[in-house]
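Quick notes on the structure that follows.
To find a chain, count down the sequence lines: A is the first, B the second, and so on, and within it residues start at 1. In this text the structure is predicted, and so the values were computed from the model without any measurement.
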Amino acid sequence: MTYIKPNFRHPNLPVNDLGYRKSDYEGSISTLCAGCGHDSISTAIIDACFESCIEPHRIAKLSGIGCSSKTPTYFLGKSHGFNSVHGRMPSVATGANLANRELTYIGVSGDGDSASIGMGQFVHVVRRNLNMLYIVENNGCYGLTKGQDSATADVGSVSKSGNTNAFEPIDLVSTALQMGATFVGRSFSGDKDQLEPLIKAALAHKGFALIDVISPCVTFNNHEGSTKNYRRTREDVEAMPLDFVPMREEIKATYSEGTTKEVCMHDGSVIHLHKANVDFDVHDRVGALSAIQRCKEQGRILTGLLYMDPDSEDFHVALDTVNKPLSRLSEKELCPGSKVLDSINDGLR
Amino acid sequence: MKPTNISNPEYFHKVVDCQYACPAHTPVPEYIRLIAQQRYSDAYMVNWESNVFPGILGRTCDRPCEPACRRARVEEQPVAICRLKRVAADFKGEVTSRFPKIAPKNGKKIALVGAGPASLTVARDLAPLGYELHIYDDQKKAGGFMLSQIPSFRLPQQVLDEEVGYILDMGVVTHFNQYVESMGSLLQQDYDAIFVGSGAPRGKDLPDLPGRQEGADNIAIGIDWLSSVAFEHIDNIGESVIVLGGGNTAMDCCRTSRRLGGKDVKVIVRSPFADMKASPWEKEDAIHEGIPIIDNHVPLEFVVENGKLVGMRFDKVKAVYDENGKRSLISLGEAPAFYPCDDVLIAIGQENAFPWIENNVGIEFDKWGMPVLDKNTFQSSRANVFFGGDAAFGPENIITAVAHGHQAAISIDLFCKGESVQDRLPPQTNLVSQKMGIHEWSYDSSTTDEDRKIVPLVELTSALQDRKLEVELGFDVATAFEEAERCLNCDVQTVFEEEKCIECDACMDICPTSCITFTANGEETELRERLKVAANNLTQDLYVSDNLPTGKVMVKDEDVCLHCGLCAERCPTAAWDMQKYWYSVTKACSLE
């Protein structure tokens, strides 16, 4: 019986600037199917949080229902977590974020949780520009209920039971762009070289960051005929590679001229965009939408950082909320007394 | 890097660090699993086939396997392999019925000189094939140094007699109390081949140290003194004893002295404590018995007053190492240190000696007085004479002598059949999947966090009163199980088939010790740096696959793999599988 992860780790496992080892960011052993793309995403989240030097106890992970929404158990075991109601993770995330703006919020959702039952919640959290990382683990099927087509299944994709999908898929990336998202990326669970820096950049972004990750379902959507199997996705992906250099680090890598474009973030971090995307402007929302569409027409899936607004102002700015987390406000501040209430009421007369 | 050729029998052999380090290549994880299953007789036989003396070695082995144990690279202590071997011997049932049947005599006659582990191993391998074996020894019983040098408190007589008896009972003709004085005359007898397993019988002395002659009555050579004790010619020693030397013989001398009346017994050694040749556990045992080890002291003279030894003077030194790690001992320039004593035992090393081999019998010796041998066949320059054990390449240990014996037996068998001694069979290997079902492997793949179990000792006062009382008590069944469970089953190999891999990264993600990386291929030095955790242990191989569809390769650093099977468990296409590797050195006579 090996369904127990040994406690031994590599003796030379690196330590980050905060003194944490990567194992401090791990969670319980995954109970998903062997080879599930979601597990790769979990690893990418662990690596990104470790390398971004975020203290594990300063992170809150939130999810809804589905295979994807189970995964927060499998990473960041020392962080806060809330496994909420199907499609309702954005509401819970909004509440948590309003109560404590100092934590890093990572929402994990799936194509069912975001594009079907939670579509209403999804578009509104984008509109609010809530400061969070929202990862959609997108496998194009309902893996938890035996692989029915989801709302992101491509037209013509054949399900494991043999049905051909006739309906146009919802493209969450384009939807988010249209809803005014300030950081939009897409990636593939099998391309950690791209996914990890993308997550790091998203964590550094101030505002709503969506990463739509194509994550093959090995059990119900990895057959020939599916457009989201490992082989097909690898073939169809039009990847725009990138690197992320956080603000506190010196830029060490050198790139030959004309191959790389630097994009600065609000905190001074730098994203290096490589090769395929030198002509691509990550600050151009309309350009991003048409590039995504053009690729789609050619049967390609454009991945990488698609859009970013470095001057994004999040929900707290829009609402002009208090700077401190509610938990750190004293009773006097939270409950200023009848005099203050009277003056507010007077102001409304 | 080129894809790893796992069909080379040495590749997976090397992954089983303990077995690889063992001179006789005992299948260690296999017998440890059998112990965990309480199949002690089976565990004993796996040992007996490889190393001939499981009960003896389970108490006295130099344990090259333990420093090699992979467990010591993921936590502090290796598996107590040696003491588990003893468990197999202690709890076994009847085993003699499993020994090979003795074939009718084949008409060939072999002489074995010396009845130590090397000769006994040759006898064990050749007797079942029908050879008539004549074993010569100047002692009254078989065992060689195992009998005369290893004190009974470490190796009880009956344990030695039992395992030596198994071999002698195969019809070996014994010539005890008979010192072979002439190789020439032995060659004139009708032996088809002669095996020399006469050990390294001469203890080094300090003949030129002032006072050596005058104090001779109270100065003894360690190995001679130990054998006199073993044969009960000596039963006491002075109250104050100095033992010179830092090897295992020195440890046996000082501990024996404590049992023969020595109250103030010290070991005084030239080198720093850490450089001493004695095994760490032997040093610990000596210290536990109240024996101080004084290091960095070079002997200057034996001090004799009125014709009697009263002590020794030493020069205090410090060790200085040059850039090649070569050590020199530099005097501190202080006044000599005096240590009073009644007796001195000199245990500063052993030498080979072949005064009985004439130089006109066609056996060549090199300038150090060692026989010129083929290092694989152990054949000397005279085709019908073979050497093994300490007599072959100088003082080593029991397990090395056994390994020599197996190879010499093959050579003797080939030689007697008129075949080339170079024409040797490769090892027997097998690689079998251990998969039983979902999350089910035929081995206990989970990894325990238990610390190494300590072997209980007999109470110190009684131990020091009786030189024959065994000090170590051995593990009980429950402790043996816990210790056996610490084994990582390194013989259950992670086998990768690239054509099945879909590059989902599941194995790389789950591996608890970050052994697996999917990356672009490269030169080994550079590739080692680029892995998830840099592969800095250059003694451990990288397992590299052929190119995968994305152009990457799978690279596994074997160094700290726990053999937990999670890579295979998390693999959706069974590109990884856990397969048990069986590696057995081919012997002259196989058990089957």
Side-chain angles (χ1 to χ4, degrees), chain A residues 1-15 21-23 26-47 50 71 74-75 188-193 195-196 215-223 229-235 237 239, chain B residues 70-76 436-441 443-449 488 501-515 518-520 531-537 548-550 552 557 559-576 578:
Chain A
M1 165 76 186
T2 36
Y3 224 60
I4 303 162
K5 190 166 177 175
N7 291 325
F8 294 120
R9 295 292 176 270
H10 198 297
N12 301 336
L13 212 57
V15 172
R21 300 211 310 170
K22 198 178 278 180
S23 49
E26 290 174 5
S28 310
I29 193 167
S30 169
T31 59
L32 297 175
C33 308
C36 181
H38 297 2
D39 286 333
S40 285
I41 302 170
S42 297
T43 305
I45 294 172
I46 291 168
D47 289 353
F50 165 78
T71 64
Y74 315 137
F75 59 82
F188 167 42
S189 67
D191 184 6
K192 279 209 203 72
D193 292 343
L195 179 57
E196 259 177 49
S215 173
C217 173
V218 273
T219 302
F220 294 109
N221 217 3
N222 197 34
H223 48 273
N229 64 33
Y230 272 104
R231 184 190 59 78
R232 181 81 184 267
T233 309
R234 250 186 248 286
E235 280 171 15
V237 155
Chain B
R70 176 164 280 112
R71 181 119 190 158
R73 300 201 292 272
V74 289
E75 61 136 318
E76 310 213 328
M436 308 270 283
I438 295 171
H439 307 323
E440 285 291 344
W441 300 101
Y443 72 108
D444 205 348
S445 59
S446 60
T447 311
T448 167
D449 294 342
L488 297 174
C501 178
I502 57 167
E503 300 180 68
C504 66
D505 289 356
C507 51
M508 177 160 87
D509 295 342
I510 195 70
C511 178
T513 43
S514 314
C515 299
F518 285 78
T519 186
L531 302 184
K532 269 185 96 173
V533 179
N536 295 328
N537 184 351
L548 296 164
T550 60
K552 291 181 178 176
D557 178 10
D559 187 17
V560 290
C561 170
L562 301 172
H563 298 258
C564 65
L566 281 173
C567 50
E569 193 115 321
R570 299 302 297 168
C571 181
T573 60
W576 284 107
M578 302 307 290

Options A/Gly190, A/Pro216, A/Pro11, ranked by heavy-atom pairs under 4.5 Å with chain B, top entry: A/Pro11
Rounded distance [0.5 Å steps], SG in B/Cys564 versus NZ in A/Lys5: 9.0 Å
Close side-chain approach of A/His10 to B/Lys532, heavy-atom, < 4.5 Å: no
Result of checking B/Thr448, B/Asp449, B/Leu566 against A/Pro6 for side-chain contact (heavy atoms from CB on, under 4.5 Å): B/Leu566
Heavy-atom side-chain proximity of B/Thr447 to A/Asn7 below 4.5 angstrom: no
Contact winner vs chain A - B/Ala506, B/Gly437, B/Cys504, heavy-atom pairs under 4.5 Å: B/Cys504
Point-to-point distance, once rounded to the nearest 0.5 Å, from CG of B/Asp509 to CZ of A/Phe75: 13.0 Å
Proximal to chain B - members of residues 36-47 of chain A, heavy-atom separation under 4.5 Å: A/Asp39, A/Ser40, A/Thr43
Engaged part of A/Tyr230 at the chain B interface, taking heavy atoms whose separation is under 4.5 Å: side chain
Interface moiety of B/Ile502 toward chain A, non-hydrogen atoms closer than 4.5 Å: both
Interface moiety of A/Ser30 toward chain B, non-hydrogen atoms closer than 4.5 Å: both
A/Arg234 (side chain) donor-acceptor with B/Glu503 (main chain) under 3.5 angstrom: yes
Proximity breakdown for B/Met508 and chain A, heavy-atom pairs closer than 4.5 Å: side chain
Beyond-backbone contact of B/Ile510 with A/Ile29, side-chain heavy atoms, under 4.5 angstrom: yes
Side chain / backbone / both / neither for B/Val560 at chain A, heavy atoms under 4.5 Å: side chain
Minimum heavy-atom distance B/Arg570-A/Cys33, with the two atoms named: NH2-O, 3.4 Å
Contacts of A/Arg9 that satisfy side-chain hydrogen bond (donor to acceptor under 3.5 Å, both in side chains) - sequence neighbours left out: A/Glu26
Inter-residue atom distance B/Thr513.OG1 - A/Asn12.CG, 0.5 Å rounding: 11.5 Å
Region of A/Asn229 in contact with chain B, defined by heavy-atom distances below 4.5 Å: neither
